[in-house]
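Below is one structure, written out as C-alpha cells; comments come after it.
Numbering of residues begins at 1 and proceeds along the displayed sequence. Scope of the values below: all heavy atoms of this structure, side chains included, with no hydrogens, waters or symmetry mates. Values in this document were obtained by computation on a predicted structure and should not be read as measured data.
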Amino acid sequence: AIAACEKERWQVALQLFADMLRLKLQPNVISISSCISASQKAGRWLLALELLQLAELLDIDGNLVTFNAAMAASAQSLRWRH
C-alpha cells in the first residue's frame with residue numbers, strides 16, 4: 001500500500017508508515033524505501049534523509065532502491081543550497 005502511494009500521494013505513504021510504527025508493526029526495506037522515494041519525489045529531501053537514518057536505527061538494511069532514493073534526495077539538497 002505504501003509503494004502504491006509513492007508517486008502522487010506521498011503524505012498518505014508517510015501516514016501509513018507512521019501507522020505501522022504506532023501499531024508496533026515492523027517496517028521492512030520495501031516500506032522504508034517507498035517512503036524515502038516518496039519524500040524525495042515530493043522534494044522533501046531532508047525528510048528522505050531522516051528516513052534513511054531511521055532505517056539504520058530500526059536495523060533495516062537498505063537496498064538499491066533505498067540508496068538511489070537517498071542519493072537523489074542528497075542531490076536535491078545540493079541544488080537547494082545553490
Nearest heavy atoms of A48 and A73, plus distance in Å: CB-CB, 3.6 Å
Between L21 and F17, is there a side-chain heavy-atom distance shorter than 4.5 Å? yes
So with a 6.0 Å cut-off around CD of E50, is the heavy-atom count from everything else above 12? yes
Going from CG on D19 to CG on L25, what distance comes out if it is rounded to the nearest 0.5 angstrom? 9.5 Å
Would you say V65 and V29 make side-chain contact, with heavy atoms under 4.5 Å? no
Would L54 and I30 show up in the same hydrophobic cluster when neighbours are defined by side-chain heavy atoms closer than 4.5 Å? yes
Do I36 and L49 have side-chain heavy atoms sitting under 4.5 Å apart? no
Could you give the distance from CD1 (I32) to OG (S37), rounded to the nearest 0.5 Å? 12.0 Å
Heavy atoms only: give me the nearest P27-I60 pair and the separation to one decimal. O-CD1, 3.6 Å
Approximate separation, where rounding is to 0.5 Å, of R44 CZ and W10 CH2: 4.0 Å
Please check: side-chain N/O of S31 versus main-chain N/O of N28, any donor-acceptor pairing under 3.5 Å? yes
Closest approach of L58 and Q26, non-hydrogen atoms and distance? O-NE2, 3.8 Å
So, taking the atom named OG in S34 and the one named CG in L16, what distance separates them when rounded to the nearest 0.5 Å? 10.5 Å
Please tell me whether F67 and L47 are part of a single hydrophobic cluster in this structure, the criterion being side-chain heavy atoms less than 4.5 Å apart. yes
What pair of heavy atoms forms the shortest contact from A69 to Q40, and how long is it? O-CG, 3.6 Å
With rounding to the nearest 0.5 angstrom, report the CG to CG distance, L51 to L57. 11.0 Å
Supply the atom-to-atom distance N63 CG to N68 CG, rounded to the nearest 0.5 angstrom. 9.0 Å
